[in-house]
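Written below as structure tokens is the structure these notes are about.
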Number of protein chains: 2
Amino acid sequence: MDKMYKENNLSKNQQIIFDLIDKSSEPLKAYTILFSVQKKGIKAPPQVYRALDKLVETGKIHKIESKNAFVACRNSNCEISKATAFSICESCEMVDEISDAKLTKYLTNFSDKKGTKYKRFNLEFFGLCKKCK
Amino acid sequence: MDKMYKENNLSKNQQIIFDLIDKSSEPLKAYTILFSVQKKGIKAPPQVYRALDKLVETGKIHKIESKNAFVACRNSNCEISKATAFSICESCEMVDEISDAKLTKYLTNFSDKKGTKYKRFNLEFFGLCKKCK
DNA sequence: TTTAAAATTGTTATAATATAACATTATGTA
DNA sequence: TACATAATGTTATATTATAACAATTTTAAA
Ligand SMILES: [Zn+2]
Ligand SMILES: [Zn+2]
Ligand SMILES: [Zn+2]
Ligand SMILES: [Zn+2]
């Protein structure tokens with residue numbers, strides 16, 4: 001087979017799954033993804049989870065932990081998922097990635113009472129989005 | 001049966017499961033809990049999940065979303081789980097609840113670019129604990 | 001250009017996490 | 001009492017995620 005996925009360094013399955021997540025206006029769950037890509041030859045959970053793992057690892061997508069679902073990264077500044085923040089609507093399914101330099105700086109520099117600094121954080125805000133308010 | 005669980009307003013199953021989590025030095029997973037309390041008559045997942053749900057709802061415990069595990073609240077100021085922050089060691093299983101008034105204030109007052117404020121947040125820091133460094 | 005390592009894929013089975021649905025019992029309050 | 005609400009017990013099943021192993025493709029070094 002031709003080397004069809006060299007330029008952007010995503011493999012075939014990774015690209016298929018990334019495209020799906022990237023086009024979606026909602027966070028997608030692994031089995032929703034699996035169902036959607038079966039026509040493209042991705043037929044089993046490990047294929048989906050492996051692609052998701054790699055995409056998370058490289059910062060192309062993020063996992064919304066409270067929803068077990070995935071969104072495409074909308075923030076070129078989030079440095080391979082070291083510093084992520086999201087707003088999550090409790091009414092509709094909407095999730096937005098927050099990119100706020102001040103917030104990122106504040107949390108990246110945060111050190112606890114013992115003076116410990118952390119190399120990564122994930123922050124999830126919950127409330128009502130503009131539509132749902 | 002006597003009203004054996006009135007004073008502290010936890011029900012029997014809730015108290016059993018809270019005590020277990022409260023005594024634990026590690027976050028506990030639902031099925032670990034289930035296994036541990038079978039001798040006390042709690043035999044099925046729904047019994048555990050219902051107690052966990054109620055304990056989370058009332059702020060007695062918190063769910064560590066990235067681990068699907070539960071810890072007892074160590075912070076009387078966290079206002080029924082509206083504002084939670086944790087430090088999580090990526091090497092051992094250690095989780096500490098962070099209680100930092102400044103951090104809480106900063107995040108509680110945070111508003112995004114559209115001026116939206118959120119009614120709740122959960123923050124997870126990842127790194128190495130003192131022991132593992 | 002061979003060739004070997006590393007990454008990716010395909011596949012089957014199963015583990016781990018969580019909820020639906022319904023019957024019963026206990027508790028708080030009018 | 002009598003009613004509403006909360007909690008419990010139980011069986012089954014849905015959802016999320018990984019183990020294990022074989023085959024293929026890609027990358028990079030010899
Ligand atoms: Zn991002
Ligand atoms: Zn909404
Ligand atoms: Zn707390
Ligand atoms: Zn540690």
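So you know, we letter chains A, B, ... as the sequences are listed, proteins then strands, and number each from 1.
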Exercise. For the pair A:Asp22 and A:Arg74, find out whether any cationic side-chain nitrogen is under 4.0 Å from an anionic carboxylate oxygen.
Key: yes
Practice problem: Report yes if a side-chain nitrogen or oxygen of B:Lys12 is closer than 4.0 Å to either non-bridging phosphate oxygen (OP1 or OP2) of D:dG9; otherwise report no. | Solution: yes
Quiz item: With respect to the phosphate group of C:dA18, does any side-chain polar atom (N or O) of B:Tyr49 fall under 4.0 Å of OP1 or OP2?
Solution: yes
Self-check item: Rounded interatomic separation in angstrom, taking CG from A:Leu10 and C1' from C:dA7
Solution: 14 Å
Quiz item: Does a nitrogen or oxygen in the side chain of A:Lys54 sit under 4.0 Å from OP1 or OP2 of C:dA7?
Solution: no
Quiz item: Has A:Asn13 got a side-chain N or O lying under 4.0 Å from the OP1 or OP2 atom of C:dG10?
Solution: yes
Practice problem: Please state how far atom NZ in B:Lys43 lies from atom P in D:dA12, giving the value in whole angstrom units. | Solution: 16 Å
Quiz item: Which whole-number value in Å describes the distance from B:Asp53 CG to C:dA20 P?
Solution: 10 Å
Exercise. Report which part of the nucleic acid A:Lys63 touches: base, sugar-phosphate, or nothing (heavy-atom distance under 4.0 Å, all strands).
Key: sugar-phosphate
Practice problem: Among the candidates C:dT19, D:dT18, D:dA7, find the nucleotide nearest to the side-chain atoms of B:Pro45. | Solution: C:dT19
Exercise. With DNA chain C as reference, determine whether A:Asn68 or A:Arg50 sits nearer its 5' end, using the nearest nucleotide of each.
Key: A:Arg50
Practice problem: Say whether A:Val37 and A:Val56 are linked into one hydrophobic cluster, either directly or through other cluster members, by side-chain heavy-atom distances under 4.5 angstrom. | Solution: yes
Quiz item: Can you check whether A:Ser11 has a side-chain N or O nearer than 4.0 Å to OP1 or OP2 of C:dA7?
Solution: no
Quiz item: Where along residues 17-42 of chain A does a heavy atom come under 4.0 Å from DNA chain C, residue by residue in number order?
Solution: none
Quiz item: Rounding to a whole Å, what distance do you find between A:Phe70:CZ and D:dT16:P?
Solution: 10 Å
Quiz item: CD of B:Glu57 versus C1' of D:dA7: gap in Å, rounded?
Solution: 13 Å
Self-check item: Which nucleotide in C:dT19, D:dG9, D:dA19 has an atom nearest any side-chain atom of A:Pro46
Solution: D:dA19
Quiz item: When you check the phosphate oxygens OP1 and OP2 of D:dT8, does a side-chain N or O of B:Gln47 lie under 4.0 Å from one of them?
Solution: no
Quiz item: Are the side chains of A:Thr116 and B:Phe125 in touch, meaning some heavy atoms are under 4.5 Å apart?
Solution: no
Quiz item: Taking side chain as C-beta onward, heavy atoms only, is A:Lys29 less than 4.5 Å from A:Leu34?
Solution: no
Quiz item: Are B:Gln14 and D:dA7 close enough that a side-chain N or O sits under 4.0 Å from OP1 or OP2?
Solution: yes
Quiz item: Does a donor on one side chain sit under 3.5 Å from an acceptor on the other, for B:Ser87 and B:Asp96?
Solution: no
Practice problem: Take B:Lys67 and B:Glu124, measure what salt bridge (Lys or Arg N to Asp or Glu O under 4.0 Å) needs, and give me the verdict at the end. | Solution: CA-CA 11 Å; B:Lys67 297 177 95 65; B:Glu124 299 184 358; over 6 Å; no
Practice problem: Identify the two heavy atoms, one from A:Glu26 and one from A:Ser24, that lie closest to each other, and give their separation to 0.1 Å. | Solution: O-OG, 2.6 Å
